[in-house]
Structures are given as C-alpha cells and as structure tokens.
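Atoms considered below: every heavy atom in the structure, side chains included; atoms not considered: hydrogens, waters and symmetry mates.
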Amino acid sequence: MKIAFFDSGIGGLSVLHHAMRVLPKEQFVFYADEDNVPYGVKTTDEVKGFVQQAFDFLVGCDVKAIVVACNTATAAAVSALRAALPAIPVIGVEPGVKPAAQLTKSGVVGVLATTRTLHSDRFQRLVGNHANHVRVLAQACPGLADTIEHEGADSPAVGKLLDAYIAPLAAAGADVVVLGCTHYPWVAEGIARRMPAGTVLLDTGEAVARQTERLLSAAGLLGGGHGHLTL
C-alpha cells in the first residue's frame, strides 16, 4: 500500500522530500492538480471541490494514508476529509506559528502564505491559540506560488515578488519567518538573502513527515519493503 501526497502543483514535493528520507521503505504516490494551480486565489468552495476530486482518485490507488501537502487545501478541506475517510489517516500541513512563537527573540514573527490560508479560520485559531504573546505579521503573497510553479524559483519574476513581500518583514524586525506554503521552501535561499543574517526560516515539512510516521506506526501500517515513488 502507498502513502499519497497531494498538492495543487510542485510545492508538495518539498514535503515529500522529507517523507522519503524519514520513511525510506515506503511506497509513495504524488498527485499534483496542475489544471487548477494555484489554489490560493480560489474560493474555499472551489478548493474543496478540487480536493474532493483528487481524493476520489487517490482512494482508488491502494493508499494507506493521504498527506494534504498544501496549506490552502488543508485550511479549506482537511477536517471534512477526515470525517469522510475515518479509516484512512489524513495528514495536513499548516504554518508553523506555534514553534515560531516559541523561537522568536524579537517578539516579531513573519508568516508568508497565500491569501486564502491567512484568511482561513484555521489560521486565525493557530495565532489565537499559540501566538497571542508575540506580534504576527501575516504577509499574503499573491502570485508567488504560481510564479514559482511556472517561471522557476530563480526567475526574475520570483525575485521581484520576494522583494515586495519580504521587505515589510525585515523592516518590522521579524527574526523568525514561517514558510506557510509548500512552494516557498523552493525559494528559501532568496528569502534568507532578503532578511537579516540569523533569521530563522521555518518549514514544517519535516514535522509532517514525522507525524505521518507516528500515525502509520500506531496503526501498524509501516512498510518494510523498498522505497518507490509514482508520479
């Protein structure tokens, strides 16, 4: 049986990379909804429909767990998916607000994410539950994921967007920056160059991989074969 990874595009590969290292004996299948990328500018109902369509396909692929490797899709649909698929572990991703609030020394945390993620109830609860004691700068990044997807991480177009979106965080003194979209680890070096030296960038891919491992172990579903990836 396989572990399925789902995203609107290539962003989820950044999470899959961690999972393949943490779970080297597992078989993986990766589903990218390239027809509808990016999700960040879609309505919540549209995202729910795209995610449901993907899950209908993945459930037929002999999967034992599904990782929603997209912050926007997690915010919009993961609770409903878990209710609809109680027999299959469904693991979501969300911005690392809690660890960021624990790590900051300046008391200012930046969060880079899509507009849809930042406007979600799920994100607001994260901030309310874990970061009331710090200043959270929620920086929406419209167009960034899509431009990374189609122009490449090192493209001039991506550079211009990073200039615009990172400057407010640097000016405000953020010393921890949360990468709240799975596309953003692909441009982590560009983000780091635009922030003061020593700024911590938080990517939750490793934590998602470890959570997947814990859930499969608890269910007695860890694989013991040779690792394999199907795209």
Side-chain angles (χ1 to χ4, degrees), residues 2-33 37-40 51 54 58 63-78 81 89-103 109-114 116-118 120 122-123 126 130 139 141 144-146 148-149 152-153 158 162 176-192 195 199-217 222-223 227-231:
K2 304 178 185 71
I3 302 172
F5 276 71
F6 163 75
D7 187 27
S8 60
I10 64 169
L13 291 172
S14 66
V15 186
L16 177 61
H17 167 77
H18 289 287
M20 293 180 73
R21 182 175 54 78
V22 171
L23 297 161
K25 296 181 179 181
E26 297 292 345
Q27 297 184 56
F28 298 93
V29 58
F30 185 79
Y31 180 110
D33 186 13
V37 65
Y39 281 2
V51 174
L58 290 170
V63 298
K64 58 184 177 181
I66 300 177
V67 179
V68 185
C70 171
N71 287 267
T72 302
T74 296
V78 76
L81 292 170
V90 177
I91 301 95
V93 299
E94 58 189 16
V97 171
K98 181 178 180 179
Q102 294 169 341
L103 285 170
V109 169
V111 181
L112 301 171
T114 68
R116 185 61 54 202
T117 294
L118 296 179
S120 68
R122 193 178 188 89
F123 178 75
L126 269 178
H130 303 296
Q139 176 62 59
C141 303
L144 182 55
D146 193 29
I148 293 169
E149 186 88 21
V158 166
L162 291 179
V176 182
V177 175
V178 176
L179 307 183
C181 170
T182 55
H183 280 77
Y184 299 170
W186 299 116
V187 293
E189 290 185 7
I191 294 170
M195 291 296 296
T199 300
V200 176
L201 301 188
L202 273 183
D203 166 21
T204 58
E206 171 91 13
V208 172
R210 295 293 179 189
Q211 175 67 358
T212 303
E213 179 187 38
R214 284 192 290 270
L215 290 176
L216 291 176
S217 178
L222 284 176
H228 180 73
L229 171 62
T230 300
L231 296 172

(message) Assess the residue pair Gln139 and Val177 against the criterion (side chain to side chain contact (heavy atoms under 4.5 Å, CB included)); give the C-alpha distance rounded to whole Å, side-chain angles, the decisive distance to 0.1 Å, and a yes or no.
(response) CA-CA 10 Å; Gln139 176 62 59; Val177 175; over 6 Å; no
(message) Can you give me the closest heavy-atom contact between Gly11 and Ser14, atom names plus distance?
(response) O-OG, 2.7 Å
(request) Drop me the distance from Leu179's CG to Leu202's CG, to the nearest 0.5 angstrom. (result) 7.5 Å
(request) Considering non-hydrogen atoms only, spot the tightest contact between Arg214 and Ala207 and give its length. (result) NH2-O, 4.4 Å
(message) Looking at Glu189, I want to see if its CD is surrounded by more than 12 non-hydrogen atoms of other residues, nucleotides or ligands under 6.0 Å.
(response) no
(request) Identify, with sequence neighbours excluded, every residue that meets side-chain hydrogen bond (donor to acceptor under 3.5 Å, both in side chains) alongside Thr117. (result) Thr72, Thr114
(request) Kindly give the heavy-atom pair with the smallest separation between Asp7 and Cys70, and that separation in Å. (result) OD1-CB, 2.9 Å
(request) Check ring pair (Phe, Tyr, Trp, His ring centres under 6.0 Å) between Tyr184 and all other residues, then give those that pass, not counting sequence neighbours. (result) none
(message) Please report the interatomic distance SG(Cys181) to CG(Leu118), rounded to the nearest 0.5 Å.
(response) 10.5 Å
(request) Using modelled atom types only, decide if a donor and an acceptor are shared between the side chain of Glu149 and the backbone of Ile10 within a distance under 3.5 Å. (result) yes
(request) Check side-chain hydrogen bond (donor to acceptor under 3.5 Å, both in side chains) between Ser8 and all other residues, then give those that pass, not counting sequence neighbours. (result) none
(request) Return yes if some donor-acceptor pair links the side-chain N/O of Ser120 with the main-chain N/O of Phe123 below 3.5 Å, else return no. (result) yes
(message) Could you work out, with side-chain hydrogen bond (donor to acceptor under 3.5 Å, both in side chains) as the rule, every residue matching Asp146, not counting sequence neighbours?
(response) His150
(message) Just to verify, what does Lys64 make a side-chain contact (heavy atoms from CB on, under 4.5 Å) with, not counting sequence neighbours?
(response) Met1, Ile3, Glu26, Leu216, Leu221
(request) To the nearest 0.5 angstrom, please state how far the CD1 atom of Ile91 sits from the CD atom of Glu213. (result) 11.5 Å
(message) So, taking the atom named SG in Cys141 and the one named CD1 in Ile148, what distance separates them when rounded to the nearest 0.5 Å?
(response) 9.0 Å
(message) For Phe5 and Phe30, I'd like to know if the aromatic rings sit close, meaning centre-to-centre distance below 6.0 Å.
(response) no
(request) Nearest 0.5 Å please: distance from the CG atom of Leu215 over to the CG atom of Leu222. (result) 10.0 Å
(request) Working to the nearest 0.5 Å, report the span between CD1 of Ile191 and CG of Leu201. (result) 6.0 Å
(message) Which heavy atom of Leu23 sits nearest to which heavy atom of Ala209, and what is that distance?
(response) CD1-O, 4.4 Å
Got a list of side-chain donor-acceptor pairs under 3.5 Å for residues 93-103, not counting sequence neighbours?
from, atom 1, to, atom 2, distance (Å)
Glu94, OE1, Arg122, NE, 3.2

